[in-house]
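Both counts, for ligands and for their atoms, begin at 1 and track the order of listing. Every value quoted in this text rests on a predicted model; they were computed, and no experiment measured them.
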Amino acid sequence: MLLSKLFIPLTKDLPSDAKIKSHQLMLRTGMIRQSAAGIYSWLPLGFKVMKKIEAVVREEQNKIGAQEMLMPTIQSADIWKESGRYNDYGEEMLRIKDRQGREMLYGPTNEELITDIFRSSVKSYKSLPQMLYHIQWKFRDEIRPRFGIMRCREFYMKDAYSFDLDEQSAKQSYNKMFYSYLQTFKRLELEAIPMAADTGPIGGDLSHEFIILAETGESNVYADKNIFAIDPSNYKFDDQSLEKMRKDFSSCYAVTDEKFKKDEFESNVKKDNQIMTKGIEVGHIFYFGDKYSKPLNCLVDHPDGKKVSVKMGSYGIGVSRLVGAIIEAKFNNDVMKWPRSVAPFDVVIIPSFNKNNLNNLEKANKIYSELTKIKLDVLLDDVEENISAKFKKHDLLGIPYQIIIGSKSEENKFEFKEVGKDAKMISLEEIIKIIKN
Ligand SMILES: Nc1ncnc2c1ncn2[C@@H]1O[C@H](COP(=O)(O)OP(=O)(O)O)[C@@H](O)[C@H]1O
Ligand SMILES: [Mg+2]
């Protein structure tokens with residue numbers, strides 16, 4: 001892609017409500033544009049990053065046997081009346097009437113709808129367990145949308161639902177998701193801590209929020225440093241090992257405000273190991289048993305003849321929020337570096353040139369065609385502009401590798417820079433090796 005052809009409306013003027021780095025940067029680099037309070041359009045650059053995050057999330061869901069489907073954004077109020085949440089959900093739910101006067105709503109989440117689908121099609125324990133997910137827009141009429149796409153009203157979420165015959169098997173589904181979340185965030189180069197979360201009236205210890213550490217986060221975080229030493233890759237993907245993994249994580253103190261008790265923290269965690277900081281919730285998983293299957297009558301035949309309500313869990317990841325969360329975690333000293341797995345381009349070529357001397361641009365064009373031939377996603381900065389302005393721009397765009405064609409370039413060697421490291425002079429073959437590695 002040529003930068004001159006790309007639709008990235010870079011802006012310098014920021015609205016006064018853009019208070020955190022990710023919001024500012026996403027506006028400055030034309031990733032998003034606000035269209036109404038808490039509602040955003042995703043412009044090509046932002047959309048590309050979000051789609052890459054979505055692909056990582058999808059792959060890790062598929063790996064644990066969850067199956068993708070797609071439910072609509074608009075739902076009927078009837079099923080919400082059955083579960084009792086139509087009134088409970090309050091003003092966060094956007095309620096709509098269709099032309100026949102039927103009560104509809106823009107889905108804030110999908111427990112009711114998925115339970116309705118399940119109850120009408122699954123009757124026997126033989127069809128269990130199942131895990132289903134979709135990646136779809138949600139709407140929650142937040143009272144105070146803020147921080148750009150981090151806390152907005154319309155957002156893109158992966159939500160999965162598990163169905164099991166009994167609690168033990170439901171826990172195994174929960175553990176698989178727990179594992180899948182750790183893998184997902186690792187591929188996004190994020191350090192996410194699973195934190196015990198409130199389970200509400202159901203009780204038990206089976207709800208975790210996945211929090212990434214960032215100063216601008218909305219949640220206060222209190223944790224034992226040892227939690228970072230637990231490496232999910234040391235566990236096998238079987239029920240016993242995954243149960244042990246979750247227990248090992250749970251044995252390290254890690255909570256947000258809701259569950260925080262000062263004396264508990266101080267007596268459980270040695271002074272040197274105490275982490276007190278802020279974080280961003282990027283995922284939330286929940287086991288809730290028959291909370292929805294019971295009122296919605298989602299029953300299956302049990303092997304011993306009786307009918308039982310299926311045991312369910314739900315598992316969310318804020319796909320659109322992750323775009324901002326990654327920026328909060330990776331933006332440093334006015335320089336952005338996207339994780340390679342979600343970077344908008346693999347590499348950018350930055351030639352220094354002007355209309356009286358197009359030598360460097362020609363060299364850049366040659367490298368561009370070599371790299372695109374081998375299926376790299378390359379951006380060529382073909383805009384005539386002074387080189388320091390170019391560098392500033394690319395500091396913001398955050399493409400992880402740069403090839404700089406300037407006075408230093410030799411016949412077969414180019415200045416190559418991985419963002420955050422020193423530049424070096426190497427051949428195109430070596431450059432390709434590094435990028436493809
Ligand atoms: N208003 C929002 N804007 C952007 N992302 C959101 C918003 N609300 C929730 N999410 C994302 O969806 C995930 C699942 O949401 P959930 O836990 O149901 O919401 P909440 O924590 O607000 O009750 C959250 O972990 C978060 O990443
Ligand atoms: Mg939550």
Checklist entry - Can you pull the side-chain hydrogen bond (donor to acceptor under 3.5 Å, both in side chains) pairs that have at least one residue in residues 340-350, sequence neighbours excluded? => result Arg340-Tyr401
Item to check | Distance filter under 4.0 Å to Met150 heavy atoms, resulting ligand 1 atoms | outcome: 3 (N), 4 (C), 5 (N)
Checklist entry - Of the non-hydrogen atoms in Met312 and Ile114, which two are nearest, and what is the gap between them? => result CE-CG2, 4.3 Å
Item to check | Nearest-contact summary for atom 26 (C) of ligand 1 - protein heavy atom, Å | outcome: Arg321 NH1, 3.5 Å
Checklist entry - Counting only protein atoms, how many N/O/S atoms are less than 2.8 Å away from the Mg ion (ligand 2)? => result 2
Checklist entry - Would you say Phe155 and ligand 1 have an N/O pair spaced under 3.5 Å apart? => result no
Checklist outcome for this item: The closest protein heavy-atom partner of atom 24 (C) of ligand 1 is Glu281 OE2, 3.3 Å
Next on the checklist: Run the side-chain hydrogen bond (donor to acceptor under 3.5 Å, both in side chains) test on Tyr156 and Glu54 for me, step by step, so that the C-alpha distance in whole Å, both residues' side-chain angles and the decisive distance to 0.1 Å come before the verdict.
Outcome noted: CA-CA 9 Å; Tyr156 201 44; Glu54 178 185 349; 3.2 Å; yes
Checklist entry - Which of these passes side-chain contact (heavy atoms from CB on, under 4.5 Å) with Glu218: Arg146, Lys278, Glu281? => result Arg146
Checklist entry - For atom 17 (O) of ligand 1, which protein heavy atom lies nearest, and how many Å away is it? => result His284 ND1, 3.0 Å
In a table with atom names and distances, give each donor-acceptor pair under 3.5 Å that connects a side chain of residues 13-23 to protein atoms at least two apart or in another chain.
| from | atom 1 | to | atom 2 | distance (Å) |
| --- | --- | --- | --- | --- |
| Ser22 | OG | Glu328 | OE2 | 2.6 |
| His23 | ND1 | Gly148 | N | 3.3 |

Checklist entry - If you measure only the distance, is there a donor-acceptor pair under 3.5 Å linking the side chains of Tyr125 and Asp304? => result no
Next on the checklist: Can you check which of Cys152, Ser320, Ser219 brings a heavy atom nearest to atom 3 (N) of ligand 1?
Outcome noted: Cys152
Next on the checklist: Taking 4.0 angstrom as the limit and counting only heavy atoms of Val282, give me the atoms of ligand 1 inside it, by number and element.
Outcome noted: 25 (O), 27 (O)
Checklist outcome for this item: Residue, atom and distance of the protein heavy atom nearest atom 20 (P) of ligand 1 read Arg140 NH1, 3.8 Å
Item to check | Parallel, tilted or perpendicular: rings of Tyr222 and Phe265 (30°, 60°) | outcome: perpendicular
Checklist entry - Can you tell me the protein heavy atom closest to atom 11 (C) of ligand 1 and the distance? => result Gly318 CA, 3.7 Å
Next on the checklist: Can you report which non-hydrogen protein atom sits closest to atom 12 (O) of ligand 1, along with the distance?
Outcome noted: Met157 CE, 3.6 Å
Checklist entry - Parallel, tilted or perpendicular: which describes the rings of Tyr174 and Phe178, with under 30° parallel and over 60° perpendicular? => result tilted
Checklist entry - Are the side chain of His134 and the backbone N or O of Met71 linked by a donor-acceptor pair below 3.5 Å? => result yes
Item to check | Those atoms of ligand 1 less than 4.0 Å from some heavy atom in Ile149 | outcome: 4 (C)
Checklist entry - With Lys12, which residues qualify under side-chain contact (heavy atoms from CB on, under 4.5 Å), at least two apart? => result none
Checklist entry - When you check the side-chain N and O atoms of Asp382 and Tyr368, is any donor under 3.5 Å from an acceptor? => result no
Checklist outcome for this item: For Gly283, the atoms of ligand 1 under 4.0 Å from one of its heavy atoms are 25 (O)
Item to check | Atoms in ligand 1 flagged as close to Glu142, the criterion being non-hydrogen separation under 4.0 Å | outcome: 1 (N)
Checklist entry - Is any NZ, NE, NH1 or NH2 atom of the basic residue among Glu82 and Arg119 found under 4.0 Å from an Asp or Glu carboxylate oxygen of the other? => result yes
